[in-house]
Amino acid sequence: MPRVTLSPSAGAWLTDQLDDWMGRELGPAILDDARRMVPVLTGALRTSLRIETYRAVLRIGSDLPYAAVVELGISRMVGHSGRVWFMHRAPQPFLRPALYRPRSG
(Lines give C-alpha, C1' and ligand atoms only; values in the text may rest on other atoms or scores of the structure.)
Protein backbone atom coordinates (compact mmCIF):
# COMPACT_ATOMS: atom_id res chain seq x y z
CA MET A 1 0.00 0.00 0.00
CA PRO A 2 1.39 3.48 -0.85
CA ARG A 3 2.55 5.56 2.06
CA VAL A 4 2.67 9.34 2.35
CA THR A 5 5.14 10.98 4.68
CA LEU A 6 4.93 14.68 5.46
CA SER A 7 7.91 16.74 6.47
CA PRO A 8 7.61 18.47 9.87
CA SER A 9 7.16 21.84 8.16
CA ALA A 10 4.18 20.56 6.14
CA GLY A 11 1.81 20.85 9.10
CA ALA A 12 2.51 24.55 9.50
CA TRP A 13 2.19 25.08 5.75
CA LEU A 14 -1.16 23.25 5.65
CA THR A 15 -2.44 25.24 8.61
CA ASP A 16 -1.43 28.49 6.88
CA GLN A 17 -3.16 27.41 3.67
CA LEU A 18 -6.30 26.42 5.54
CA ASP A 19 -6.34 29.71 7.49
CA ASP A 20 -5.97 31.60 4.21
CA TRP A 21 -8.81 29.69 2.50
CA MET A 22 -11.14 30.02 5.50
CA GLY A 23 -10.41 33.74 5.86
CA ARG A 24 -10.67 34.48 2.15
CA GLU A 25 -13.51 32.21 0.97
CA LEU A 26 -15.39 30.10 3.50
CA GLY A 27 -15.63 32.61 6.35
CA PRO A 28 -16.88 35.53 4.23
CA ALA A 29 -19.46 33.28 2.53
CA ILE A 30 -20.87 32.13 5.88
CA LEU A 31 -20.72 35.68 7.27
CA ASP A 32 -22.64 37.06 4.26
CA ASP A 33 -25.35 34.43 4.72
CA ALA A 34 -25.58 35.10 8.48
CA ARG A 35 -25.90 38.85 7.86
CA ARG A 36 -28.68 38.18 5.35
CA MET A 37 -30.54 35.89 7.80
CA VAL A 38 -30.13 37.81 11.08
CA PRO A 39 -33.32 39.47 12.32
CA VAL A 40 -32.90 43.24 12.29
CA LEU A 41 -34.38 45.60 14.83
CA THR A 42 -31.65 48.24 15.15
CA GLY A 43 -29.00 46.64 12.92
CA ALA A 44 -26.49 46.41 15.79
CA LEU A 45 -26.40 42.60 15.78
CA ARG A 46 -25.88 42.42 12.02
CA THR A 47 -23.10 45.02 12.21
CA SER A 48 -21.40 43.20 15.10
CA LEU A 49 -20.97 39.89 13.23
CA ARG A 50 -17.29 39.09 12.62
CA ILE A 51 -15.02 36.26 11.48
CA GLU A 52 -11.58 35.28 12.68
CA THR A 53 -9.25 32.42 11.81
CA TYR A 54 -6.35 31.09 13.81
CA ARG A 55 -4.56 27.76 13.57
CA ALA A 56 -7.16 26.13 11.32
CA VAL A 57 -10.11 27.31 13.45
CA LEU A 58 -12.77 29.57 11.96
CA ARG A 59 -14.92 31.56 14.39
CA ILE A 60 -17.99 33.51 13.34
CA GLY A 61 -20.15 35.39 15.78
CA SER A 62 -20.88 38.52 17.75
CA ASP A 63 -19.67 39.93 21.04
CA LEU A 64 -23.10 41.34 21.86
CA PRO A 65 -24.53 39.65 24.97
CA TYR A 66 -27.95 39.05 23.42
CA ALA A 67 -26.71 37.34 20.24
CA ALA A 68 -27.12 33.86 21.78
CA VAL A 69 -30.66 34.70 22.96
CA VAL A 70 -31.64 35.67 19.41
CA GLU A 71 -30.02 32.53 17.93
CA LEU A 72 -31.22 30.02 20.55
CA GLY A 73 -34.26 31.69 22.14
CA ILE A 74 -34.94 31.68 25.87
CA SER A 75 -37.54 30.36 28.29
CA ARG A 76 -37.22 31.04 31.99
CA MET A 77 -38.95 32.20 35.10
CA VAL A 78 -38.33 35.80 36.06
CA GLY A 79 -39.09 37.05 39.54
CA HIS A 80 -39.15 40.54 41.00
CA SER A 81 -40.77 41.95 44.15
CA GLY A 82 -42.55 38.71 44.97
CA ARG A 83 -44.04 38.34 41.47
CA VAL A 84 -43.02 35.69 38.97
CA TRP A 85 -43.31 35.88 35.19
CA PHE A 86 -42.54 33.35 32.52
CA MET A 87 -40.34 34.87 29.85
CA HIS A 88 -40.24 33.26 26.42
CA ARG A 89 -38.54 34.36 23.26
CA ALA A 90 -38.65 32.05 20.26
CA PRO A 91 -35.33 31.23 18.60
CA GLN A 92 -34.47 33.14 15.44
CA PRO A 93 -31.47 31.17 14.17
CA PHE A 94 -29.17 32.89 11.72
CA LEU A 95 -25.67 31.53 12.45
CA ARG A 96 -26.47 27.82 12.31
CA PRO A 97 -28.44 28.01 9.04
CA ALA A 98 -25.59 30.04 7.51
CA LEU A 99 -23.03 27.51 8.73
CA TYR A 100 -24.95 24.42 7.58
CA ARG A 101 -25.90 25.78 4.17
CA PRO A 102 -24.53 23.50 1.42
CA ARG A 103 -21.68 25.09 -0.51
CA SER A 104 -19.79 24.04 -3.59
CA GLY A 105 -16.17 24.58 -4.48
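Just so it is clear, the structure is predicted and the values come from calculations on it, not from any experiment.
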From the list Ile60, Val38, Leu31, side-chain contact (heavy atoms from CB on, under 4.5 Å) with Leu95 holds only for Ile60

Sole candidate of Leu58, Leu18, Ile51 that passes side-chain contact (heavy atoms from CB on, under 4.5 Å) when paired with Leu26: Leu58

Between Glu71 and Arg96, is any pair of side-chain heavy atoms under 4.5 Å apart? yes

Return the minimal non-hydrogen interatomic distance between Ser48 and Ser62, and the atom names on each side. OG-OG, 2.6 Å

Residues passing the side chain to side chain donor-acceptor pair (under 3.5 Å) test with Arg35, sequence neighbours excluded, are none

In the single-linkage hydrophobic clustering (I, L, V, M, F, W, Y; side-chain heavy atoms under 4.5 Å), do Tyr66 and Leu49 co-cluster? yes

Hey, are the side chains of Asp19 and Tyr54 touching, using non-hydrogen atoms and a 4.5 Å cut-off? no

Is the OH atom of Tyr100 crowded by more than 12 outside heavy atoms at less than 6.0 Å? no

Per-pair distances, 0.1 Å, donor-acceptor, side chain in residues 39-46, under 3.5 Å, sequence neighbours excluded:
from: Thr42; atom 1: OG1; to: Ala44; atom 2: N; distance (Å): 3.2

Nearest 0.5 Å, what's the CG-CG distance between Leu99 and Asp33? 10.0 Å

What's the spacing between Asp32 CG and Arg101 CZ if we round to 0.5 Å? 10.0 Å

Using the side-chain contact (heavy atoms from CB on, under 4.5 Å) rule, take Arg89 and Val70 through it: C-alpha gap first, then chi angles, then the decisive distance, then the call. CA-CA 8 Å; Arg89 180 183 173 119; Val70 174; 3.8 Å; yes

What do you reckon, is CZ of Arg59 surrounded by more than 12 foreign heavy atoms closer than 6.0 Å? no

List the atom of Met37, the atom of Pro97, and the distance in Å for their closest heavy-atom pair. SD-CB, 3.6 Å

